[in-house]
Participant: 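Can you keep this structure in mind? I'll have questions shortly.
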Amino acid sequence: MTFISDLFINGRWTPGATDSRFPVINPADGSLLASFAAADEIDCDAAVEAAAAALPAWSATPPRERGEILRRAFEILTEEKEQLAETIVLENGKSYADALGEANYAIEFFRWFAEEAVRIRGDFRLSPSGDKHIVVTHQPIGVSLLVTPWNFPAAMATRKIAPALAAGCTVILKPARETPLTATHVVDALRRAGVPDGVVNLVTPVPTGPAIARMLHHPDVRKLSFTGSTEVGRILLHEAADNVVSASMELGGNAPFVILPGADLDAAVDGALVAKMRNGGSACTAANRFYVHSSLAEDFAHRMATELEEWSVGPGIDRENKLGALVSVHERDKVAELVDAAVAAGAFVVTGGNSSEHGAFYSPTVLSGVSHESPIARTEIFGPVTSVIEYDDVDDAVRMANDTIYGLIAYVYGESAPALAVAQRLDAGMVAVNRAVLSDPAAPFGGMKQSGLGREGSSEGILEFLEEKYIGIDL
Ligand code: NAD
């Protein structure tokens with residue numbers, strides 16, 4: 001396969017101001033996929049300046065026209081979705097089925113926000129005293145810096161680019177260094193769809209931190225939309241504070257999966273397999289801790305293990321494999337360390353617990369007898385490990401589920417009324433009741449507590465890229 005491995009600045013693919021490049025590695029076999037252009041300060045400044053220069057014309061472009069360009073990008077990528085999925089597999093490691101699922105989800109943001117571009121509403125009313133008319137309008141917030149992670153390299157980019165462009169903003173995308181090839185495919189589709197020069201730019205600075213900080217201190221940058229870890233999110237919030245740059249943050253998670261007494265265990269196992277194993281567990285939405293009522297815990301762990309022992313593990317490019325590689329050997333070793341520490345603290349390996357000799361693979365794993373206090377229950381695992389924690393009292397399950405700095409998503413399985421009652425008590429921006437997948441471009445995605453600020457997707461997603469303006473009128 002051929003990839004675009006350059007920067008995109010002011011409507012042109014460019015190697016950038018220096019000859020410096022960095023490797024993009026296939027985690028399934030360690031092979032080199034591409035040498036990607038490393039941006040420096042000159043490139044980042046050029047990207048911001050191009051975005052600033054393009055802003056007046058793009059924000060004045062009729063919403064219908066902006067929407068039609070997004071719609072064309074949707075159509076182009078729909079034609080190319082298998083190729084996009086293969087690029088995701090090659091640089092991220094996930095299975096082909098997961099990559100195709102991501103490609104479909106990612107592309108859908110262009111269709112959704114093509115439709116939202118023409119539905120930006122305001123308000124017009126008489127003030128209570130009758131002294132004036134209150135007009136509320138929206139205007140694009142301005143040049144937006146979009147920083148995305150490696151775990152959903154297509155969807156995390158389109159979930160930001162689409163609402164930003166629909167709102168009339170111009171953008172600089174900074175994809176993760178592990179997965180820039182998916183991002184170049186998406187950006188090139190936008191170029192081919194007719195996005196004017198400077199409206200979308202892509203840079204991959206090395207080192208990352210100082211370049212992002214520099215862009216956040218540029219007076220023209222008015223928006224940061226970040227998806228990534230809570231640790232990096234905190235650093236960027238500090239950087240954004242100096243120029244009071246508006247920040248939307250989609251950060252880490254530690255999702256509880258609560259199985260209530262009386263739950264349908266078949267449904268819970270089916271749901272757990274998806275909520276845990278989608279993307280090989282490398283998802284902010286991945287179920288991280290399974291609180292299972294003691295009447296069901298042993299059966300649940302056994303059935304999960306029996307199912308997972310049937311899974312074929314290997315390179316995602318082979319479409320038969322249900323579980324692909326983790327993004328790097330480093331990530332695989334982090335998962336192995338968490339499992340080893342849990343076992344040392346008394347957890348029992350029902351199945352799995354092995355790292356591959358070659359490539360960044362980790363076997364599907366089930367641990368029972370995990371302590372709620374153990375690091376594996378306190379940290380995002382980001383790997384295919386099911387940690388089962390037993391409880392007797394539902395109040396304890398709710399207390400433990402909420403006992404975390406995170407609040408992105410939670411899952412509950414049980415009879416409808418008790419499951420809904422527990423859903424109301426969970427501190428999470430999203431709760432899945434008797435289902436395993438919530439992500440939908442039409443629904444607001446985002447977290448409470450240290451899982452983030454703001455929402456993506458839905459009609460809320462576009463508001464993150466708009467300023468509300470109040471005009472008072474004496475008629
Ligand atoms: P990360 O925080 O390490 O990196 C995210 C992005 O920030 C990358 O582009 C990276 O290059 C950049 N970055 C890293 N250090 C930086 C710095 N000092 N200054 C500026 N930018 C910097 O995250 P990751 O490892 O790529 O992704 C995994 C994390 O992302 C997990 O915590 C996961 O939960 C989270 N995530 C959250 C969501 C969500 O919607 N809430 C979605 C996907 C992933």
Side-chain angles (χ1 to χ4, degrees), residues 22 24 27 36 38-39 44 91-94 102 105-106 109 145-160 172-180 182-183 202-217 221 224-240 245 247-255 278-288 326-328 330-331 334-335 379-383 404-409 428-430 438-441 443-458 461 464:
F22 62 88
V24 183
F36 202 96
C44 292
E91 62 179 357
N92 169 280
K94 66 178 75 174
E102 180 189 346
Y105 175 55
F109 283 103
L145 178 58
L146 317 176
V147 182
T148 54
W150 48 259
N151 66 339
F152 288 98
M156 297 304 96
T158 59
R159 203 164 76 176
K160 298 183 188 306
I172 300 126
L173 174 67
K174 205 304 277 177
R177 228 185 292 164
E178 293 83 348
T179 54
T182 305
L202 178 151
V203 292
T204 43
V206 179
T208 305
I212 300 288
R214 185 180 167 90
M215 288 192 274
L216 286 173
H217 285 86
V221 173
L224 166 66
S225 178
F226 173 76
T227 297
S229 61
T230 297
E231 293 69 27
V232 174
R234 281 192 202 103
I235 295 171
L236 295 187
L237 280 171
H238 282 285
E239 296 290 355
V245 171
S248 301
M249 311 300 277
E250 295 288 346
L251 307 178
N254 180 3
R278 195 163 61 105
N279 236 34
S282 299
C284 53
T285 51
N288 208 52
L326 295 174
V327 75
S328 63
H330 175 68
E331 282 294 314
K334 273 178 26 192
V335 174
T379 321
E380 263 189 309
I381 305 170
F382 252 52
T404 168
I405 61 165
Y406 300 103
L408 186 62
I409 187 169
M430 301 174 285
L438 275 194
S439 298
D440 185 325
F445 188 106
M448 294 181 178
K449 300 198 278 187
Q450 295 190 33
S451 283
L453 300 169
R455 293 293 179 268
E456 290 191 327
S458 181
E464 305 280 328

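Whatever order the structure lists ligands and atoms in, that order sets their numbers, starting from 1. Below, each value reflects all heavy atoms present in this structure, side chains not excepted, and no hydrogens, waters or symmetry copies. A quick note: this is a predicted structure, and the numbers were derived from the prediction, not measured.
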Participant: Identify the protein heavy atom lying closest to atom 10 (C) of ligand 1, giving its residue, its atom name and the separation to 0.1 Å.
Facilitator: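 Going by distance alone, atom 10 (C) of ligand 1 is nearest to Lys174 NZ, 3.7 Å.
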Participant: Which one holds for Glu380 and ligand 1: side chain close, backbone close, both close, or neither close, with close meaning a heavy atom under 4.0 Å?
Facilitator: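 Side chain only.
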Participant: With respect to Met215, which candidate in Val245, Leu145, Leu224 satisfies the side chain to side chain contact (heavy atoms under 4.5 Å, CB included) definition?
Facilitator: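 Result for side chain to side chain contact (heavy atoms under 4.5 Å, CB included) with Met215: Leu145.
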Participant: Which of the atoms of ligand 1 are close to Phe382, meaning less than 4.0 Å from one of its heavy atoms?
Facilitator: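 The atoms of ligand 1 under 4.0 Å from a heavy atom of Phe382 are 28 (C), 31 (C), 33 (C), 34 (O).
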Participant: Looking at Ser451 and Leu251, would you say the former's side chain and the latter's main chain have a donor-acceptor pair under 3.5 Å?
Facilitator: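 Answer holds: no.
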Participant: Return the OG to CG distance between Ser229 and Leu236, rounded to the nearest 0.5 Å.
Facilitator: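 Answer for the OG-CG pair, Ser229 versus Leu236, is 8.5 Å.
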Participant: Among protein heavy atoms, which lies nearest atom 26 (O) of ligand 1, and at what distance?
Facilitator: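 Going by distance alone, atom 26 (O) of ligand 1 is nearest to Trp150 CD1, 3.0 Å.
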Participant: Going by the atom numbers of ligand 1, which of them fall below 4.0 Å from some non-hydrogen atom of Leu408?
Facilitator: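 Per the distance check, 41 (N).
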Participant: With a 3.5 Å distance limit and no angle check, can you tell me whether Asn254 reaches the backbone of Asn288 through a side-chain donor-acceptor pair?
Facilitator: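 No; judged by distance alone, with no hydrogens or angles, the pair does not exist.
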Participant: In the protein, what heavy atom is nearest to atom 40 (O) of ligand 1, and what distance, to one decimal place, separates them?
Facilitator: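 Here the nearest protein heavy atom works out to Arg159 NH2, 2.9 Å.
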Participant: Just distances here: any N/O of Arg177 and N/O of ligand 1 closer than 3.5 Å?
Facilitator: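 By distance alone, the answer is no.
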Participant: Based purely on interatomic distance, does Thr227 place a nitrogen or oxygen under 3.5 Å from a nitrogen or oxygen of ligand 1?
Facilitator: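 The answer is no, given that Thr227 and ligand 1 share no N or O pair closer than 3.5 Å.
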Participant: Just heavy atoms, cut-off under 4.0 Å: does Ile212 contact ligand 1 by side chain, backbone, both, or neither?
Facilitator: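 It is the side chain that touches ligand 1; the backbone stays farther off.
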Participant: Ligand 1 versus Glu456, non-hydrogen atoms closer than 4.0 Å: side chain, backbone, both, neither?
Facilitator: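 Neither part.
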Participant: Is the contact between Met430 and ligand 1 made by the side chain, the backbone, both, or neither, using heavy atoms and a 4.0 Å cut-off?
Facilitator: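 It is neither part, as no heavy atom is under 4.0 Å.
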Participant: Is there a donor-acceptor contact under 3.5 Å linking the side chains of Gln450 and Thr230?
Facilitator: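 Not at all, the side chains of Gln450 and Thr230 share no donor-acceptor pair under 3.5 Å.
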Participant: With heavy atoms under 4.0 Å as the rule, classify the contact between Asn151 and ligand 1 as side chain, backbone, both or neither.
Facilitator: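 For Asn151, only side-chain atoms sit under 4.0 Å from ligand 1.
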Participant: Which ligand 1 atoms are under 4.0 Å away from a heavy-atom of Leu236?
Facilitator: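 The atoms of ligand 1 under 4.0 Å from a heavy atom of Leu236 are 19 (N), 20 (C).
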Participant: When you measure from atom 36 (N) of ligand 1 to every protein heavy atom, which one gives the shortest distance, and what is it?
Facilitator: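 Its nearest protein heavy-atom neighbour is Cys284 CB, 3.6 Å.
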Participant: Kindly confirm or rule out an N or O of Ser451 lying under 3.5 angstrom from an N or O of ligand 1.
Facilitator: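 In this structure, Ser451 places no N or O atom under 3.5 Å from an N or O of ligand 1.
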Participant: Are any of the side-chain heavy atoms of Phe226 and Ile212 separated by less than 4.5 Å?
Facilitator: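 They are not in side-chain contact.
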Participant: Considering only the protein, which heavy-atom contact is closest to atom 18 (N) of ligand 1, and what is its distance?
Facilitator: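 Closest protein heavy atom to atom 18 (N) of ligand 1: Gly209 CA, 3.9 Å.
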Participant: Using distance alone, determine whether Val147 and ligand 1 share an N or O pair under 3.5 Å.
Facilitator: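 No, there is no polar N/O contact under 3.5 Å.
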Participant: Using modelled atom types only, decide if a donor and an acceptor are shared between the side chain of Ser328 and the backbone of Glu331 within a distance under 3.5 Å.
Facilitator: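 Side chain of Ser328 to backbone of Glu331, a donor-acceptor pair under 3.5 Å: yes, one is there.
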Participant: Would you say the side-chain atoms of Arg177 pair up with the backbone N or O of Val24, donor to acceptor, closer than 3.5 Å?
Facilitator: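 The answer is no, because no donor-acceptor pair under 3.5 Å joins these two groups.
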Participant: Ignoring hydrogens and angles, state whether a donor on the side chain of Glu91 or Thr182 is under 3.5 Å from an acceptor on the partner side chain.
Facilitator: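 Yes, Thr182 and Glu91 have a side-chain donor paired with an acceptor closer than 3.5 Å.
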Participant: Got a donor-acceptor contact below 3.5 angstrom from the Glu380 side chain to the Cys284 backbone?
Facilitator: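 No, because the side chain of Glu380 does not come within donor-acceptor range (under 3.5 Å) of the backbone of Cys284.
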Participant: Less than 4.5 Å apart, side chain to side chain, heavy atoms only: is that true for Lys94 and Phe152?
Facilitator: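 Yes, their side chains come closer than 4.5 Å.
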Participant: Would you give the length of the straight line joining atom OG of Ser282 to atom CH2 of Trp150, rounded to the nearest 0.5 angstrom?
Facilitator: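 Reported to 0.5 Å precision, the distance equals 4.0 Å.
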Participant: Under 4.0 Å and counting heavy atoms only, is there anything from the protein next to atom 24 (P) of ligand 1?
Facilitator: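 Yes, because at least one protein heavy atom sits under 4.0 Å from atom 24 (P) of ligand 1.
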Participant: With a 4.0 Å cut-off on heavy atoms, does Met215 reach ligand 1?
Facilitator: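 It does not; every heavy atom stays at 4.0 Å or beyond.
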Participant: Tell me: protein heavy atom nearest atom 35 (C) of ligand 1, and distance?
Facilitator: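 Nearest protein contact, heavy atoms only, for atom 35 (C) of ligand 1 is Gly228 O, 3.2 Å.
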Participant: So how far is it from Leu326 CG to Lys334 NZ, rounded to the nearest 0.5 Å?
Facilitator: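 Here the rounded value is 10.5 Å.
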Participant: Considering only non-hydrogen protein atoms, determine which one is nearest to atom 16 (C) of ligand 1 and report residue, atom name and distance to 0.1 Å.
Facilitator: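 For atom 16 (C) of ligand 1, the nearest protein heavy atom comes out as Val232 CG1, 3.5 Å.
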Participant: Hey, mind stepping through Lys160 and Thr148 against side chain to side chain contact (heavy atoms under 4.5 Å, CB included) and telling me if it holds?
Facilitator: CA-CA 9 Å; Lys160 298 183 188 306; Thr148 54; 3.9 Å; yes
Participant: Which residue and non-hydrogen atom of the protein lie closest to atom 8 (C) of ligand 1, and at what distance in Å?
Facilitator: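 Here the nearest protein heavy atom works out to Thr148 O, 3.3 Å.
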Participant: Using a 4.0 Å heavy-atom cut-off, say whether Thr285 meets ligand 1 through its side chain, its backbone, both or neither.
Facilitator: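 Contact part for Thr285 vs ligand 1: neither.
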